[in-house]
Amino acid sequence: MVGMTLPPGQVKARRWALYAVLGTPRIDLESWRLEVTGLVENPLKLSYRELLDMGLVKLRRDFHCVTGWSIDGVEWEGVRIRDLAGLAGASDKARWIMFWSVEGYSAPVPVEEAMKEDSIIALRMNGEPIPHEHGFPARPIIPSLYGWKSVKWLCKMEFMENYVDGFWEARGYHERGDVWREERFKT
Ligand SMILES: Nc1nc2c(c(=O)[nH]1)N[C@H]1C(S)=C(S)[C@@H](COP(=O)(O)O)O[C@H]1N2
Ligand SMILES: [Mo]
């Protein structure tokens, strides 16, 4: 893709750096579920098949790691987070969603970022199921935020009223992490 517009302070990279700061979990797809919980009327536990059956939207977006590398034009297919919030009956009181991975990594995201039209739980990447090292079976893709909010090996979305640090936020990284406002660190 020619003419990629980079957010401030980013450099285009040809390759992904694969991160797994708490290790790479083994995933058993038969027992894996995506839990939608917290401030919701109907908590959900969705299987991979049930998510696929919701119908997938496709989008092509650039991916930005806060350490400075960006990958252009990644194709993702997934379920809109706002549709999952609707299905679960998320409360108006919810201001944040904590995304949790199987091995314990976590990241909070403001509800208004997660409810955007192009914020999805991705199940497919570049035309195939997300490769294991990239977070199979699911990871949130919120294009306006840095990549550390894209929790690989996702297993739970927890709607919360109050902000709580995730893994990197507890180490000084920003609560929201908007790439265009260059929100890398807490102020
Ligand atoms: N479970 C988990 N998810 C994670 C991370 C991690 O260490 N563990 N690293 C994050 C960071 S900092 C980035 S930039 C992206 C990198 O995605 P990739 O490993 O598919 O390249 O994953 C994010 N999601
Ligand atoms: Mo990152």
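When a ligand or atom number is given, it counts from 1 through the structure's own listing order. What you see is a predicted model; the values in this text were computed from it and never measured.
Below 3.5 Å of separation, one finds an N or O of V21 facing an N or O of ligand 1. In terms of polar-atom proximity, K152 is counted as a contact of ligand 1, with an N or O under 3.5 Å from an N or O of the ligand.
H64 does not count as a contact of ligand 1, since none of its heavy atoms falls under 4.0 Å from the ligand. Using a 4.0 Å cutoff on heavy atoms, G135 does not count as a contact of ligand 1.
E103 and W153 form no side-chain donor-acceptor contact under 3.5 Å, judged by distance and modelled atom types alone.
Taking a cut-off of under 4.0 Å to the non-hydrogen atoms of S150, the atoms of ligand 1 that pass are 4 (C), 22 (O), 23 (C), 24 (N). The ligand atoms of ligand 1 that sit less than 4.0 angstrom from a heavy atom of A17 are 18 (P), 19 (O), 21 (O).
Given atom 1 (N) of ligand 1, the protein heavy atom at minimum distance is E103 OE2, 2.8 Å. Of the protein's heavy atoms, H134 ND1, 2.6 Å lies nearest to atom 20 (O) of ligand 1. The protein heavy atom nearest to atom 12 (S) of ligand 1 is W148 CB, 3.5 Å.
Of the candidates Y19, W168, F99, it is Y19 that places a heavy atom closest to atom 6 (C) of ligand 1. Evaluated by nearest non-hydrogen atom to atom 5 (C) of ligand 1, the leading choice among W100, F167, Y105, W69 is Y105. Of all the listed residues (R139, K149, R15), R139 holds the heavy atom that lies closest to atom 22 (O) of ligand 1.
The existence of a salt bridge linking K149 and E169 is confirmed by a sub-4.0 Å separation between a basic side-chain nitrogen and an acidic carboxylate oxygen. A salt bridge links R80 with E117; the closest basic N to acidic carboxylate O contact falls under 4.0 Å.
If you run ring pair (Phe, Tyr, Trp, His ring centres under 6.0 Å) between Y173 and each of Y146, F167, W148, only W148 comes through.
Note: I142 CD1 to I81 CD1 = 4.5 Å, rounded to the nearest 0.5 Å. The CG atom of D72 sits 12.5 Å away from atom CD of Q10, with the distance rounded to the nearest 0.5 Å.
If you look at W153 next to ligand 1, the close heavy atoms, those under 4.0 Å, all belong to the side chain.
Ring geometry for W96 versus Y163: interplanar angle over 60°, hence perpendicular rather than tilted (30 to 60°).
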Please set out all donor-acceptor pairs under 3.5 angstrom arising from side-chain atoms of residues 121-131, sequence neighbours excluded.
{"residue": "R124", "atom": "NE", "partner": "E77", "partner atom": "OE2", "Å": "3.3"}
{"residue": "R124", "atom": "NH2", "partner": "G127", "partner atom": "O", "Å": "2.8"}
{"residue": "N126", "atom": "OD1", "partner": "E75", "partner atom": "N", "Å": "3.0"}

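Two residues are said to be in side-chain contact when any heavy atoms from C-beta on lie closer than 4.5 Å; L51 and L84 meet this criterion.
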